[in-house]
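A quick note: this is a predicted structure, and the numbers were derived from the prediction, not measured. When a ligand or atom number is given, it counts from 1 through the structure's own listing order.
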Amino acid sequence: MAKAIRRNQPLDPVDLAAELIRRPSVTPKDEGAIPYLAGVLERLGFTCHVQEFTEPGTDPVLNLYARIGKSGRNLCFAGHTDVVPVGNREAWTIAPFAGTVMGDTLYGRGAADMKGAIACFAAAVARFLAARGPEFGGSISLLITGDEEGVSINGTKKLLDWVAATGERLDACIVGEPTNAQTLGDMVKIGRRGSMSGYLTVEGVQGHTAYPHLADNAAHRLVAMLHALTSAPLDEGTEHFQASTLQVATIDIGNTAANIIPGTARATFNIRFNDRWSSATLKDLIKQKFDAIGGRYTVDYHVSGESFLVPPGEVSDLLSSAIKRVTGRTPALTTTGGTSDARFIHHFCPLAEFGLVGLTMHKVDERVPLADIAQLTDIYAAALDLYFPAR
Ligand SMILES: [Zn+2]
């Protein structure tokens with residue numbers, strides 16, 4: 001079945017995905033992945049810009065902006081060629097960077113997250129161009145980074161700034177992350193929760209447990225502060241988001257004696273928050289709660305990303321229509337899961353995220369059914385047809 005579909009493709013998405021998997025581009029390494037993809041796109045008629053970004057103290061990273069068409073609306077596909085490490089290599093039953101097809105499945109690191117989806121989009125464009133020719137009345141671009149799974153400093157954010165500085169405009173963007181939970185077509189993402197970690201240090205006065213009036217127990221105040229954080233929900237959820245959650249990750253006092261009142265106590269907590277909050281409003285709330293308990297304390301914060309929502313509209317409608325046409329399913333529009341580079345792109349144009357099924361991403365024996373690759377290619381091709389109607 002998959003073979004019959006594949007023979008009609010001007011560009012075989014399984015072959016392309018396998019070639020990308022064979023280039024072991026664990027962040028920040030590229031190992032030829034981006035130049036290979038650029039070569040494929042150039043043969044389709046794209047103009048490709050391979051950009052290396054770096055800054056002091058970070059590893060240089062390769063990125064790609066490719067565009068075909070000089071006029072009309074510019075539909076962008078965004079993704080990443082970098083992959084997470086293989087973890088326990090002995091646990092893999094198939095070599096992680098061999099790009100092996102066994103039975104009806106393609107195996108390898110990046111098959112689902114997300115070299116497979118990049119290959120599907122490139123194959124969909126090849127099919128679209130074969131049918132419509134290069135003068136289809138618009139532009140298609142790919143915004144691909146090698147720094148999504150890592151620190152994301154020399155990746156999409158810098159590439160977007162570079163693209164904007166050259167006068168390019170993106171009108172809509174499909175982010176090809178593996179959004180589906182169980183079945184291809186079950187989920188489109190229209191936003192993401194924010195993530196912030198807090199590192200709390202409470203200072204008291206060390207002393208003898210028999211003489212508490214001469215000491216100030218940092219552990220007691222730490223417990224009261226954490227109780228203030230966890231005893232009431234942050235919210236009940238919003239129209240498109242689950243409730244925000246706060247989890248205490250660790251409590252560290254390091255006291256080895258039972259007769260000492262600790263003078264210092266530390267805790268780390270992580271908050272996944274919806275569009276009811278920003279990192280700034282959360283910090284205000286936490287300050288109020290901690291100040292109500294009083295005493296000396298400090299909190300350091302690390303914000304991995306703010307929450308964002310792209311209200312259902314142009315791109316989620318486009319993807320929903322294409323998914324319905326190919327699979328018969330109506331995808332749920334959700335904001336679950338971790339963060340993605342969509343957190344940078346939504347500042348430039350409307351977007352929605354849709355790719356493969358995420359069940360094996362970051363796992364041992366990452367894999368994707370060939371049937372899903374064929375269907376995702378059909379969905380992306382349908383989206384191109386819908387976005388650029390034939391005149
Ligand atoms: Zn990814």
Side-chain angles (χ1 to χ4, degrees), residues 13 16-18 20-21 23-31 33-34 37 61-65 76-87 96-97 99 106-122 142-160 173-182 184 186-195 272 304-305 308 310 315 319 331 334-346 351-369 372-373 376 379-380:
L16 176 53
L20 293 174
I21 290 168
R23 289 157 176 83
S25 46
V26 177
T27 329
K29 291 196 168 69
D30 175 74
E31 303 290 0
I34 286 213
L37 178 63
V61 174
L62 282 191
N63 299 272
L64 169 68
Y65 179 70
C76 181
F77 174 88
H80 60 90
T81 47
D82 62 322
V83 296
V84 293
V86 298
F97 297 114
L106 171 67
Y107 286 80
R109 176 57 85 224
D113 186 11
M114 55 167 278
K115 289 172 168 175
I118 292 172
C120 291
F121 189 80
L142 286 91
L143 185 92
I144 306 292
T145 183
D147 188 20
E148 197 274 343
E149 301 285 9
V151 288
S152 304
I153 289 172
N154 294 315
T156 298
K157 201 162 182 285
K158 286 197 168 99
L159 189 58
L160 283 164
C173 183
I174 297 168
V175 180
E177 289 290 346
T179 50
N180 298 282
Q182 298 288 337
L184 194 75
D186 67 15
M187 212 175 269
V188 167
K189 297 209 172 169
I190 57 168
R192 298 275 185 157
R193 294 180 298 176
S195 174
R272 299 296 166 127
S304 313
F308 72 90
V310 180
V315 189
L319 285 169
T334 78
T335 55
T336 54
T339 190
S340 81
D341 275 358
R343 71 188 189 275
F344 304 124
I345 304 166
H346 80 100
L351 63 80
E353 299 182 63
F354 183 75
L356 288 161
V357 177
L359 282 173
T360 64
M361 59 182 173
H362 295 209
K363 291 189 177 178
V364 162
D365 283 346
E366 182 175 344
R367 60 195 176 275
V368 57
D372 282 8
I373 293 182
L376 183 60
I379 290 167
Y380 286 153

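The Zn ion (ligand 1) has Asp113 among its coordinating residues (N/O/S atom, backbone or side chain, under 2.8 Å). Residue contacts to the Zn ion (ligand 1): Glu148 brings no N, O or S atom closer than 2.8 Å.
Of the options Val83, Asp113, Val84, a side chain to side chain contact (heavy atoms under 4.5 Å, CB included) to Met361 is made by Asp113 and by none of the others.
As for Glu177, its N/O/S atom nearest the Zn ion (ligand 1) is the one called OE1.
In this structure, the side chain of Asp82 does not engage the main chain of Pro28 through any donor-acceptor pair within 3.5 Å.
The side-chain hydrogen bond (donor to acceptor under 3.5 Å, both in side chains) search around Lys158 returns Glu55, Asn154, not counting sequence neighbours. Residues forming a side-chain hydrogen bond (donor to acceptor under 3.5 Å, both in side chains) with Glu31 (at least two apart in sequence, or on another chain): none.
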